[in-house]
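Encoded as structure tokens, the structure appears first; notes follow it.
Chain naming here is simple, since letters A, B, ... match the order of the sequence lines and numbering starts at 1 in each. The figures that follow rest on heavy atoms only: side chains count, while hydrogens, waters and symmetry mates do not.
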There are 2 protein chains.
Amino acid sequence: MTNEERFQKQREVVEQFGRHFDKEGFQPIAGRILGLLLVMDKELYTFDEIIEELQISKSSASNALRNLEIRGDIEYITLPGDRKRYFKFRKQHSGTIIEDMEKKLNSLRELTITILELKSDPESENAIYLRSMQHSLCVFLDSIAESKLKLQPKD
Amino acid sequence: MTNEERFQKQREVVEQFGRHFDKEGFQPIAGRILGLLLVMDKELYTFDEIIEELQISKSSASNALRNLEIRGDIEYITLPGDRKRYFKFRKQHSGTIIEDMEKKLNSLRELTITILELKSDPESENAIYLRSMQHSLCVFLDSIAESKLKLQPKD
DNA sequence: TATTTAGTTCACAACAAACCGAACCAATAA
DNA sequence: TTATTGGTTCGGTTTGTTGTGAACTAAATA
């Protein structure tokens, strides 16, 4: 694979990555920026390079970058004697994805508990279903906890 | 708790449930309908009762109901000599939530593999991070598979 | 001091999603 | 046959999102 071919393929994956994160509620441009910073061989981009590479306006870039930084998905470094910011993908503790799922499942679990408490007939179809669902959620949350232990065997 | 109090609280939880599912990409009304069918003591609603209870238009109800049915989240029954449809929450095999997560994680895993294949420097910061992420994903996917086995110990 | 650089902010245009009312249709009832 | 019931479909309004260009600011440079 020539460097040029690789470069083109990386660009395609940036787009693919973007689409993936659109589905997670990212705004399109934010997903593309994140993809750019993660996928390309160049892992440090300036504001202007991002604009140039993705063909977007300064304002779009400015907003998306601010959001991504607040969310903790990117960070930037500065070089002495250089006013530009160099953005990079932020290596979060890789539990984040898992922790997000955990949060969602927990919130769902709390919901099922609330609903069950309000059912006047604990043997209604839905009540029975909710209990089985709650059980599944517990089993699953346990296995998440287990995975987390496996992945960070510190302390 | 009086029946009236319970009823009011259930209505609130319908709203809460709706907000939860908005986040999952449901349209607001669809989430409220799903909540209604799952949360309230009454677990069988007609079209008109749904409209009445949620104060929405016939067209909104019609569209949302169609979508929910296509997605397999609700179903309806009919009674002999009664043209009305009675809608109910559809008890899906409770693995669905888990399987959705599994799909998402798998697609993310495939993406990381693709990205890694295109990295020209396998020791770059992002490449190293991607490998650790891939590892986490594998551990996690394993534990999902395990949970699934625990939950459906048939065959 | 004037100019350039590196962005931010604002006002708005373009588009999409969500919802509604009104018209409509098909099946049953009168 | 006409009226009513139980919806569906169509067209349009409202609301929200995404992105832009132009004006602005603050720091560095000339």
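- One atom, CD1 of B:I70, and another, C1' of D:dT8, lie 13 Å apart when rounded to the nearest Å.
- C:dT8 atom C1' lies 12 Å from atom CG of A:L65, rounded to whole Å.
- Within the 4.0 Å cut-off from OP1 or OP2 of D:dG19, not a single side-chain nitrogen or oxygen of A:S59 is found.
- At D:dT17, none of the side-chain N or O atoms of A:Q27 fall inside 4.0 Å of OP1 or OP2 (strictly under the cut-off).
- Per the geometry, CD belonging to A:E69 stands 12 Å off P belonging to C:dG7, to the nearest Å.
- Taking 4.5 Å as the limit, every side-chain heavy atom of B:L151 sits out of range of all side-chain heavy atoms of A:F140.
- Per the geometry, CG belonging to B:N67 stands 17 Å off P belonging to D:dG7, to the nearest Å.
- With 3.5 Å as the limit, one finds a donor-acceptor pair spanning the side chains of A:E4 and A:Q8.
- Shown for residues 78-87 of chain B: residues whose heavy atoms fall under 4.0 angstrom of DNA chain C, namely B:R83.
- With hydrogens and angles disregarded, a donor-acceptor distance shorter than 3.5 Å links the side chain of B:T114 to the backbone of B:E110.
- Between the P atom of D:dC10 and the NZ atom of B:K58 lies a distance of 16 Å, rounded to the nearest Å.
- Following rounding to the nearest Å, A:E49 (CD) and C:dG7 (C1') show an atom-to-atom distance of 15 Å.
- Within the structure, a side-chain polar atom (N or O) of B:S57 is placed less than 4.0 Å from OP1 or OP2 of C:dC20.
- Closest approach of B:K119 and A:L38 over heavy atoms only: NZ-O, 2.9 Å.
- Put simply, the side chain of A:R71 does not reach to within 4.5 Å of the side chain of A:Q92, judged on heavy atoms.
- Of all heavy-atom pairs spanning A:I97 and B:L105, the tightest one is CG2-CD2, 4.1 Å.
- In summary, the side chains of B:N126 and A:K91 do present a donor paired with an acceptor at a separation below 3.5 Å, with no hydrogens or angles considered.
- No N or O donor and acceptor, one from the side chain of B:S62 and one from the base of D:dG7, sit under 3.5 Å apart.
- What separates CD1 of B:I56 from P of D:dT8 is a distance of 12 Å, to the nearest Å.
- We find that CD1 of B:I29 is positioned 4 Å from P of C:dC19, with the value rounded to whole Å.
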